[in-house]
Protein chains: 2
Amino acid sequence: MQISRKADYALRAVTILATLPPDKTMQAQELGELGKIPIKFLEQILLVLKRASILLSKRGVGGGYKLGKEARLISVADVIEAVDGDLVRFIDVSDYPAYPGGNGVRQFLMDAESVINSKLEDTSVEDLVRNDSGDALLGYGI
Amino acid sequence: MQISRKADYALRAVTILATLPPDKTMQAQELGELGKIPIKFLEQILLVLKRASILLSKRGVGGGYKLGKEARLISVADVIEAVDGDLVRFIDVSDYPAYPGGNGVRQFLMDAESVINSKLEDTSVEDLVRNDSGDALLGYGI
DNA sequence: ATAATTCCCGATTGATACAGTCAAGAATTC
DNA sequence: GAATTCTTGACTGTATCAATCGGGAATTAT
């Protein structure tokens with residue numbers, strides 16, 4: 001089981017934008033280069049993130065993207081959910097068959113799902129940037 | 001992100017077998033019916049579980065499957081790993097690119113991965129059966 | 001022996017989702 | 001009005017998933 005590339009790329013883009021000084025924007029092109037993300041694929045992702053109000057965009061010369069709200073208000077779950085449509089859903093709880101031991105399995109899968117989703121929901125993009133070991137901002141001469 | 005059907009089916013089969021009295025076997029046919037698992041698909045899965053020493057099999061009349069070791073010694077991770085080849089690996093740690101904030105993202109993804117994997121590793125099939133709310137054994141008249 | 005049973009195994013298939021590309025349109029700035 | 005940048009939809013190749021199919025090998029019963 002893996003995280004989708006889309007979700008990884010989205011996290012990269014949002015995190016990079018979170019390291020920008022407020023009110024600065026960054027263009028898709030540069031985001032793609034910094035984050036090692038195929039540009040046309042990234043454009044799709046940025047668009048989705050914008051529709052989810054996670055990002056704001058500005059067109060034309062000097063345009064680009066920036067966070068749509070404070071980094072502490074954007075959870076990792078928000079980002080993944082925006083691009084992938086759902087978080088971790090191990091099983092369809094409403095439609096799990098009955099069998100010997102099945103209640104135990106279902107309960108466990110729900111628990112495990114909850115453990116990981118809580119972690120995704122409780123971690124903000126600000127947390128990610130804060131826990132960066134330090135060379136994140138070097139590129140901006142800060 | 002979902003658990004694979006294969007992993008779900010494998011958990012069902014192993015859990016059902018864990019509710020059997022020791023030394024009893026159950027045939028693939030009946031396992032499939034109880035667990036609502038397509039029989040030919042189940043056969044593949046049982047074979048893999050056997051190769052992983054999670055199950056033992058016996059051929060011919062009166063044959064079938066049973067656990068290859070005590071239920072408390074089989075972790076959920078063992079079962080998933082046997083059929084899916086890996087557990088949760090959010091990212092390839094060794095090959096994650098550098099970008100502003102990237103260390104924070106990588107660290108978070110590794111943490112999240114570790115949280116879920118620990119849960120899978122620390123839960124045994126015996127735990128699953130023990131937490132079953134009770135009608136697991138009804139089918140056997142116990 | 002031989003037939004019945006049950007597990008064992010490889011090949012194949014159809015559908016779906018993933019990851020990414022392509023071509024062009026709309027808004028903004030200079 | 002020309003250049004820039006985001007916006008959008010359509011399209012494509014690849015891989016993985018979720019099975020299915022057909023038969024082969026071991027074991028037991030008669």
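Below, each value reflects all heavy atoms present in this structure, side chains not excepted, and no hydrogens, waters or symmetry copies. Proteins come first, then strands; the chains are lettered A, B, ... in the order of their sequence lines, and each starts at number 1.
- Put simply, the side chain of A/F108 does not reach to within 4.5 Å of the side chain of B/N131, judged on heavy atoms.
- One interatomic measurement links the two molecules: CD1 of A/I39 to C1' of D/dT7, which rounds to 13 Å at whole-angstrom precision.
- When rounded to the nearest whole Å, the span between CE of A/M26 and P of D/dT5 equals 13 Å.
- Only at 4.0 angstrom or more do the heavy atoms of residues 80-88 of chain A sit from any atom of DNA chain D, so none qualifies.
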Original post:
Could you walk me through whether B/S114 and B/D111 pass the side-chain contact (heavy atoms from CB on, under 4.5 Å) check?
Top reply: CA-CA 5 Å; B/S114 166; B/D111 281 1; 5.6 Å; no

Can you list, pair by pair, the side-chain donor-acceptor contacts under 3.5 Å of residues 77-98 of chain A, counting residues two or more places apart and other chains?
unit_1: A/D78; atom_1: OD1; unit_2: A/S75; atom_2: OG; d: 3.3
unit_1: A/D78; atom_1: OD2; unit_2: A/S75; atom_2: N; d: 3.0
unit_1: A/D78; atom_1: OD2; unit_2: A/S75; atom_2: OG; d: 3.1
unit_1: A/D84; atom_1: OD1; unit_2: A/S4; atom_2: OG; d: 3.0
unit_1: A/D84; atom_1: OD2; unit_2: A/S4; atom_2: OG; d: 2.8
unit_1: A/D92; atom_1: OD1; unit_2: A/S94; atom_2: N; d: 3.2
unit_1: A/D92; atom_1: OD1; unit_2: A/S94; atom_2: OG; d: 2.9
unit_1: A/Y96; atom_1: OH; unit_2: A/Y99; atom_2: OH; d: 3.0
unit_1: A/Y96; atom_1: OH; unit_2: B/D8; atom_2: OD1; d: 2.6

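- Spacing between atom CG of B/D8 and atom P of D/dC17 amounts to 15 Å, rounded to whole angstrom units.
- Rounded to whole angstrom, the span from the CZ atom of A/F41 across to the C1' atom of D/dT12 amounts to 14 Å.
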Any protein N or O atoms within reach of nucleotides 8-11 of chain D? Criterion: under 3.5 Å, listing atom names and distances.
unit_1: D/dT8; atom_1: OP2; unit_2: A/R51; atom_2: NH2; d: 2.9

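- Legend: residues meeting side chain to side chain contact (heavy atoms under 4.5 Å, CB included) with B/Q29, ordered by chain and number and at least two apart, are B/E33, B/I39.
- Here chain A contacts DNA chain C (any atom closer than 4.0 Å to a heavy atom, that is under 4.0 Å), and the contacts span C/dA19 to C/dT29 from 5' to 3'.
- Taking atom CG on A/L46 and atom P on D/dT7, their separation rounds to 8 Å, with Å as the unit.
- B/V115 shares a hydrophobic cluster with A/V115; the chain of contacts runs through ILVMFWY side chains whose heavy atoms sit under 4.5 Å apart.
- Comparing the end axes of the helix from C/dA1-D/dT30 to C/dC30-D/dG1, each fitted to five base pairs by superposing C1' atoms of four pairs onto the next four, gives an inter-axis angle of 10° (nearest 10 degrees).
- For the side-chain contact (heavy atoms from CB on, under 4.5 Å) criterion with A/V76, the lone passing option out of A/D127, A/D122, A/L11 is A/L11.
- Looking at residues two or more places apart in sequence or on another chain, you find no side chain to side chain contact (heavy atoms under 4.5 Å, CB included) involving B/Q27.
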Without placing hydrogens or testing angles, list every side-chain donor-acceptor pair under 3.5 Å for residues 41-59 of chain A, not counting sequence neighbours.
unit_1: A/E43; atom_1: OE1; unit_2: A/K40; atom_2: NZ; d: 3.2

Subject >> From CA spacing to verdict: side-chain contact (heavy atoms from CB on, under 4.5 Å), A/M1, B/I116 >> reply: CA-CA 11 Å; A/M1 194 184 338; B/I116 181 67; 6.0 Å; no

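- In this structure, A/E70 and A/E126 have side chains that are not in contact, with every pair of non-hydrogen atoms separated by 4.5 Å or more.
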Original post:
After noting the C-alpha distance and the side-chain angles of B/N103 and B/R106, does the key distance pass the side-chain contact (heavy atoms from CB on, under 4.5 Å) rule?
Top reply: CA-CA 5 Å; B/N103 289 327; B/R106 186 177 64 235; 3.0 Å; yes

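- Judged by distance alone, the side chain of B/D132 and the main-chain N or O of A/G102 form a donor-acceptor pair under 3.5 Å.
- Remark: B/T25 engages B/K66 in a side chain to side chain contact (heavy atoms under 4.5 Å, CB included) (not counting sequence neighbours).
- A/E113 meets the side chain to side chain donor-acceptor pair (under 3.5 Å) test with no other residue; sequence neighbours excluded.
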Original post:
Run the side-chain contact (heavy atoms from CB on, under 4.5 Å) check on A/I16 and A/L20 step by step: do they pass?
Top reply: CA-CA 7 Å; A/I16 292 172; A/L20 275 185; 5.8 Å; no

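- Distance CD (A/Q29) to P (D/dT5): 9 Å, rounded to an integer number of Å.
- Taken residue by residue, residues 56-66 of chain B places heavy atoms nearer than 4.0 Å to DNA chain D at B/K58, B/R59, B/G60, B/V61.
- Atom CZ of A/R5 is separated from atom P of D/dT16 by 11 Å (rounded to the nearest Å).
- Here the closest non-hydrogen pair linking B/T19 and A/P100 is OG1-CB, 3.7 Å.
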